[in-house]
Each structure stands twice: as C-alpha cells, then as structure tokens.
Protein chains: 2
Amino acid sequence: MLETLAALANPHRLRILEVLHAEGRAYVSQLARKLGISRPLLHLHLKKLQDAGLVLSKMELSQDGKSLNYFEIVMFDIALNPASVADAARSLPLSTKYEISERDKHE
Amino acid sequence: MLETLAALANPHRLRILEVLHAEGRAYVSQLARKLGISRPLLHLHLKKLQDAGLVLSKMELSQDGKSLNYFEIVMFDIALNPASVADAARSLPLSTKYEISERDKHE
DNA sequence: ACAGCATGAAATAAAAATATTACACATGAA
DNA sequence: TTCATGTGTAATATTTTTATTTCATGCTGT
C-alpha cells in the first residue's frame, strides 16, 4: 500500500490518471501534450504508476506505421482509514533498532 | 486529498498512525521511544500528519508537573479509486501552460 | 545545584524525488 | 534527403523531503 500511496501523492500523476479515466486510454506523446509536460518527465511518472500497478501499457502500431504506447488505468479501489493504514504499517520492513522501555510497554 | 496522500506516503508516518490506532493516544517522547526514532524527526512527521488533518494534539499536565503533548488520530475514511482520484485532480492548481492541440482534442 | 524527563525549534547534512537537456533510433510523407 | 511524427534512455541539475545535530526552556526530585 505504501507504494500505491507514494505513486498517488503527486499532482502530475493524479492528472495522468484523470486523463486516462476520462479518455479510457492515451499514448505517451498524446498524453504529454494534454498535460503540457515533457515526454521524459511523463515517462518517469508513468513508470511510477506502472510499478505501483495503477496503469498498464500496450504497444500498438498505428495505420501510418508508428508504434504508439497506449496507457490505461488498472482498476483499483482502496479504503483509507485508521485500521487499513495500521494494517499496512504492520507489513513494513521493521527498522531493527526497536527497544521498548519498561515504562512505555502497555500505555 | 493530495496533501492527505502525501502525508500517508511514508513508513514512519504509517507506523505513527499504527501506534496511535492501537494505543488510542501517546505523547511525543513516548511515541519516539516506541518507534525508535529521535524526537526532532518525530516532530517533523507529526507536523505533516497534523497539517493534513490526520492527527490532533492536546497539551496536558502530568501529576508530576511535566507537560505532555498527547497525539491522537482524527477519524478519516477515504475511498481511493479512479473516479475519486480523477476528481481530486480536477481541484488542483492548474499549471498555466496548457495548450490542447487540435489533433488531441477529443481523443 | 544538578540529574532526569518533558517540551520546542533552528541550522545543517544527506538522501530521494522531480525536472531538464541532450541523445539515439524508427517510420511515413513531402 | 529532410521533416514531422512516434519511441526510449542516460546524464545532469534542481528541488523537496528526510534526518541529524545542537541549542534553549520548564518542571520535579535528590
């Protein structure tokens, strides 16, 4: 979940999802134009979204022979509340140093 | 919503919420010990959580006269899905440069 | 007076994320 | 061939976030 949250915590990436949600799908250069950002930058943000499993891409050939990389949203539905967050925290790599002093044990 | 996502997208802050969820509340030094991190660092993370409205604090005096700053969770329940995210994206400060080329208009 | 435990905050360092610039390569059309 | 379109990546710069260090304060109890 942490990776998903990190992937969503950026204005560009929210907008990318907004466009994909509205349009169904879009290819990279097209998306870059719609958002008004450069392709390399968009590429970085798409990679994060893809690594988090929020979008997927499919290479296609247009009629005039250009290869277009189409992106679309992978459906997700996550509940964010104290319990779900606490749950996510438990499945984090523990930070070795962790010594509970007697005083704080059950408070 | 962006601020909330950013506030949640960090392992320390998830753990802070985990502890507060389990314990109900905790004061700063106590929390720092439980998490095994320094007070100044914890302070920074608590500030982010508080700025995002996910926690609140209340100063109290212990019986032996020390002032303890207790933190607790502010209840939240957010649905994260393509529609809610797209919605959040729409309420972002628009990035001035935004010129839709004729070609990409309705695709 | 000093130790112990609580508070906060400023200054600095380090690390990670974001953004830009510059390449390289492929295809179809003029 | 050159232009316009598409693809990607590597190197660098910039900005933001995270972390540490240091300082200052207050209150008990010995």
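Below, all heavy atoms of this structure are taken into account, side chains as well, without hydrogens, waters or symmetry copies. Convention: sequence-line order gives letters A, B, ...; per-chain numbering from 1.
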Rounded to the nearest angstrom, tell me the gap between atom [atom1] in [X] and atom [atom2] in [N].
X	N	atom1	atom2	value
B:L46	D:dT17	CG	C1'	16 Å
B:L31	C:dT7	CG	C1'	14 Å
B:I37	D:dT20	CD1	P	9 Å
A:Y27	D:dT7	OH	P	7 Å

The ring pair (Phe, Tyr, Trp, His ring centres under 6.0 Å) partners of A:H21 (sequence neighbours excluded) come to none

Point to revise | Nearest-nucleotide 5' precedence on DNA chain C, A:R13 against A:P40 | key: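 Counting from the 5' end, the first nearest nucleotide belongs to A:R13.
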
Below 4.0 Å: OP1/OP2 of [N] and any side-chain N or O of [X]:
X	N	result
A:N10	C:dT18	yes
B:R33	C:dA6	yes
A:R39	D:dT9	no
B:H12	D:dT17	no
A:H45	C:dA19	yes
A:K47	D:dT9	no

Show me the donor-acceptor pairs within less than 3.5 Å that the side chains of residues 2-11 of chain B make with the rest of the protein, sequence neighbours left out.
residue, atom, partner, partner atom, Å
B:N10, OD1, B:H12, N, 2.8
B:N10, OD1, B:R13, N, 3.1

Whichever of B:S38 and A:V28 has the more 5' nearest nucleotide on DNA chain D, that residue is A:V28

Less than 4.5 Å apart, any side-chain heavy atom of A:L41 and any of A:H45? yes

Next on the checklist: Which nucleotide wins on minimum distance to the side chain of A:H43, given the candidates D:dT18, C:dA19, D:dT9?
Outcome noted: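 Of the candidates, D:dT9 comes closest.
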
Q. In terms of side-chain heavy atoms of B:L44, which of D:dT7, C:dT7, D:dT18 is nearest?
A.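 Ranking D:dT7, C:dT7, D:dT18 by closest atom to the B:L44 side chain puts D:dT18 first.
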
By side chain to side chain donor-acceptor pair (under 3.5 Å), B:E72 pairs with (sequence neighbours left out) none

Note: contacts of residues 53-69 of chain A with DNA chain D (heavy atom, under 4.0 Å) are A:M59, A:K66, A:S67, A:L68, A:N69

Applying salt bridge (Lys or Arg N to Asp or Glu O under 4.0 Å), which residue pairs with at least one partner in residues 52-61 of chain A are found, sequence neighbours left out?
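Output for this query lists A:R25-A:E60.
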
For residues 50-57 of chain B, tabulate all N or O donor-acceptor pairs below 3.5 Å that involve a side-chain atom, not counting sequence neighbours.
residue, atom, partner, partner atom, Å
B:Q50, NE2, B:S57, OG, 3.3
B:D51, OD2, B:K47, NZ, 2.8

Practice task
Work out which heavy atom in B:S91 is nearest to a heavy atom in B:A88; give both atom names and the distance.
Solution key: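 Smallest heavy-atom distance, with atoms named: OG-O, 3.0 Å.
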
